[in-house]
Amino acid sequence: MTPVTSTREGAVAVLAFGEPPVNSLGFATRAGLVQALQAALDDPAVEAVVVVGRHGLFSAGADIKEFGTPLMVKAPNLHDLNAAFEASPKPVVAAIDGNCLGGGLEFAMSCHFRVVSENAKLGLPEVKLGLLPGAGGTQRLPRLIGVEGALNVMLGGEPLPARLFAGSPLVSALVAGDVVKAAVEFATAQALPAAQAGRMPKARDIRVREPNLEGLLGFARNAAKTAFAAYPAPLRILDAVQAAATRRFEEGLAVEKQLFAELLLSPVSSALRHAFFAERATQKIPDVPESTPTREIRSCAVIGAGTMGSGIAITFMNAGIPVHLLEVKQEALDAGVARVRDYFEGQVKKGRLKPGQALEKAGLLTPTLKYEDLAQCDVVVEAVFEELGVKEKVFGTLDRVMKPGAILASNTSTLDLDRIAAFTKRPADVIGMHFFSPANVMRLLEVVRGKATSKEVLASTIALARKLRKTGVVSGVCDGFIGNRMIEQYSRQALFMLDEGASPEQVDQAAEKFGFMMGPFRMSDLAGNDISAHIRERRAKEQPDLVYSKVADPLVAAKRWGQKAGAGWYDYRPGDRTAYPSPFVAKMIEDYRASKGLKPRRLDDREIVDRLVYALVNEGAKILEEGIALRASDVDIVYLMGYGFPVYRGGPMHYADEVGPYQVVLRMRDLARNPYGDPGFWQPAPLLAKLAQEGGSFAAYDAGLAKRAQAA
Ligand code: 3H9
C-alpha cells in the first residue's frame, strides 16, 4: 500500500496517509505527504486540502524506530513536512480521529484547521521517551491552548480526550460521526471562505500571552526537580516553553531543536525508548505465530486464599472475570474473602471505585471448599505452599476434576514446572503464571513455558495477561525462572558485602541512589526473610558447594522475618513502614565478622552498585544463553516491572550495553581479585565474555535473534 493516497471530494483533495499499525510519520509517509500536497497545489481544480490518517487514527507520531538513523533527518524530515503544510497557499484541514500523538499532533498543529472527532485523543507523549516534542510542539501548543494547558499536556504525556480542548484554536470543530465528511464540509463551508478573505490561521502567528509566566515556570521547575530528578526532559520542556513565550517563533523553534537533539542523545532517553520497544517485544514468541488459536477465558479458579491467592483473585475480578476461590479450611477461606472485601472497600474509600462498581466486582467472587465447584472454570491458578508434595496433591486433584481444555496454571516462583505438569495426564495444558506481590498491583507476570506446554496454551496465557493488564514475559523452566534466579546472585553479593564491612543501610542507600526502588535488605524485609532463608536452606542441601554468607543465620534464629514481624534487617514501629537501622542487626553483623575473623573494610557506593548490578547482568547472560529468556530485553522488562530496577536505566542488560560489555567484564575481573566470597562468582558468562571480546552488545544479540526467527 502506498503510504499516501489522494482522492477528490468536489474541490477538496483528501490525502489519506499512514501504514499500520499506528501511521507513524516515517520517511516514506513524510515524502508521500509532501508529494501529495504538491500535486494538490499544482491541480487548479483543488481549492482546499483535507489530510486524514488511515486505520481509524491520525498518527502516533514520529517513527521511533528511525531515531538515531539517517532516515530520521532525511528530507523531508518532520520540520520540512510541517513547514510545507503550514505554508500551503490552499487551506489545509486535518481530520483527526483516534490517537493523534507526538509528531502526529505537531503535524496537525501545522495545518490551518483541525476538525476533531469526539473520540479522538490528543497528546504529546515524548516526555515518556525522555524527549520533548521536537517538531514544533513546544512552540505551537502554548500558542494554541496557553502555557498552563500546554505544560500539562507535555509534562503529563498522557493522551487526552479531544473534548478537553474544545473551544481553543487547537480544535476548530469537534464532531461526532464521520470525521472525513465533516472535515470536507468544514473545508468547503469555513476554511475556503476564510482563506479567500485572507485569513489562513497559523499557530506560529499567535502570540503567547501568559501574565504569570515566571510563576508558572518557577513552580513547574521546582516540581520537576523533585519529582523527576533523574529525568532531564521535563526541565528542557520548560526551557522550550519559556522560549515559546518570550522569543520569536523561529528562535523558539531553534531552541527546541537544540534541546531535542541533546535529549535524543541522553542515556535516559535511550533507556526509555528501549523499555518502550522491549515491552512490546515480550508479546512476540518466535515459534508461536500470532495466528495461533487461543482459548477464551470467561471464568477462573484460584487455589489458595493467602495473600498471593487473594491478590490473584482481585486481579481477575478487576478484569471482570468471575473467580472461584478455594481453600481447604473454612477459616483460611474466610480470611481470604475478607482480604478481597477489604481491598474493594479500600478502593471505594480512595475514590477509585463507586460503591456500586465495588459491589459488582465483589459479586464476581465465589468462595468454596470443594474442588468439584471449579470443574467448569476456563483457567485455574494454583497459589499454595511452595512444596512439591503439596503441588502434587493439588494438580492430581485438578487433573481429575477440571473440564477438558481448562488451563492449569501454577504460581510457583521456584519449583520445576515440568515436574508439576507430570502430576497430571495433560501436561500440555499446564503452564506457570508467576505473579509478583502484590499480585493486583505489580505489572509483571512471568509466563513459564514447560517442556510440554502447548502453543495454544502459551498464546492463550499471553493474551490473558494482557486482559489482566499485565505484561507477560515468557520464561523457560529453571530454578527461580528469570527474575528470582537473577535476584539470588544479587542477594548473595549483598550478604557478602555485609561480611566485608558494609551495613544493610549503606548497601540499600547505594542501591537506591543508583535508582532501585528499594535496596536488597529493605526488599528482603518486605518480601519476608523467611523466604530467602528457605532458599538458602534448600541450596545448602542441593548445592552444598555454593558459597553463601551465613550472616543472616542469627536473623533467622531471631525470627526477624521483616515488615510482617515488625523486625528484620531493620526495626519497624507499629503502623509505620519506615525502616529504622537496627542496633540488634548491627551487633549481629559485628559478632558474625568477629566469629569468622573478618576485618571490616570500607566499601564505597561504586563497589556496592557494581557488585549488585553486575551480579544480575552475569546471571542474565547465562539465562539468555540457556534460552530461558527469549531475549535480553525480556530480562530487562522483568527487572523494570518486577524488581524496581530504575526505568531510566533501561534494565540490567541495557545498562550493561550502556557501560559496554567490555568494560563490564573488565570490572568483573577487578572484582574477582577480592579474596573474600566466592572466587568463581565473577567468572563472566560465556555470552558476556563473547560480547566483550567482539565489541558486541545485548541489543545486537537480540537483533540477531529476531532476524534468525524471521528467516526461519
Ligand atoms: C515523536 O513524535 C518525536 C517528535 O516530537 C519529534 C521528532 C523530530 N513509532 O503500543 P502498541 C509500534 S516521538 C514506531 O502495542 P497500542 C509499536 O512498537 C513519538 N512504532 O499499540 C508496536 O509495534 P509491534 C511520540 C510505533 O494500540 C505497534 O506500533 N509518540 C510507534 O497498545 C503497536 O503499538 C509516542 O510516543 C511509533 N511512534 O497503543 C506514541 N508507536 O507491533 C508511542 C507505536 O511491532 N505509541 N509503534 O510491537 C504509543 O503510545 C502506543 O503505541 C499507542 C497505541 C497509544 C499509539
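The analysis underlying the following values was restricted to heavy atoms, covering all of them including side chains, and did not include hydrogens, waters or symmetry mates.
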**Message:** If you compare all heavy atoms of V49 against all heavy atoms of A40, which two are closest, and at what distance to 0.1 Å?
**Reply:**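 Closest heavy-atom pair between V49 and A40: CG2-CB, 4.0 Å.
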**Prompt:** At their closest point, which heavy atom of A95 faces which heavy atom of F58, and how far apart are they?
**Reply:**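 Heavy-atom minimum between the residues: O-CD1, 3.4 Å.
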More than 12 heavy atoms from other groups under 6.0 Å of [atom1] on [X]:
X: E360; atom1: CD; answer: no
X: Q196; atom1: CD; answer: yes
X: R280; atom1: CZ; answer: yes
X: E456; atom1: CD; answer: yes
X: E658; atom1: CD; answer: yes

Indicate yes or no for a side-chain donor-acceptor contact from [X] to the backbone of [Y] under 3.5 Å, with no hydrogens or angles considered.
X: K90; Y: V46; result: yes
X: D63; Y: S24; result: no
X: S168; Y: F165; result: yes
X: D636; Y: H654; result: yes
X: E210; Y: V147; result: no
X: R8; Y: G10; result: yes
X: R631; Y: A699; result: no
X: E118; Y: R163; result: no
X: R143; Y: Q139; result: yes
X: D657; Y: F698; result: yes

Which value, rounded to the nearest 0.5 Å, describes the distance between [X] atom [atom1] and [Y] atom [atom2]?
X: T282; Y: M641; atom1: OG1; atom2: CE; result: 7.0 Å
X: F113; Y: L192; atom1: CZ; atom2: CG; result: 9.5 Å
X: H79; Y: R30; atom1: NE2; atom2: CZ; result: 10.5 Å
X: L259; Y: K257; atom1: CG; atom2: NZ; result: 13.0 Å

**Prompt:** When you measure from the centre of the six-membered ring of F277, is the NZ or CZ of R273 under 6.0 Å away and within 45° of the axis?
**Reply:**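 No, R273 does not sit over the ring of F277.
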**Asked** Is the Lys NZ or Arg CZ of K361 less than 6.0 Å from the centre of F344's six-membered ring, within 45° of the axis?
**Response**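 No - K361 does not lie over the ring of F344 by the 6.0 Å and 45° rule.
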**Message:** Students often mix this up, so state it plainly: with edges at 30° and 60°, are the rings of Y643 and Y639 parallel, tilted or perpendicular?
**Reply:**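 Geometry flag for Y639 against Y643: parallel rings.
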**Prompt:** What orientation do F17 and F107 show, parallel under 30°, tilted 30 to 60°, or perpendicular over 60°?
**Reply:**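 Because their plane-to-plane angle is over 60°, the rings of F17 and F107 count as perpendicular.
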Salt bridge [X]-[Y], side-chain N to carboxylate O under 4.0 Å:
X: E9; Y: K181; value: no
X: R236; Y: E262; value: no
X: E158; Y: K121; value: no

**Asked** Does a side chain donor of either D42 or Q38 reach within less than 3.5 Å of an acceptor in the other side chain?
**Response**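 Yes, side-chain donor-acceptor contact under 3.5 Å.
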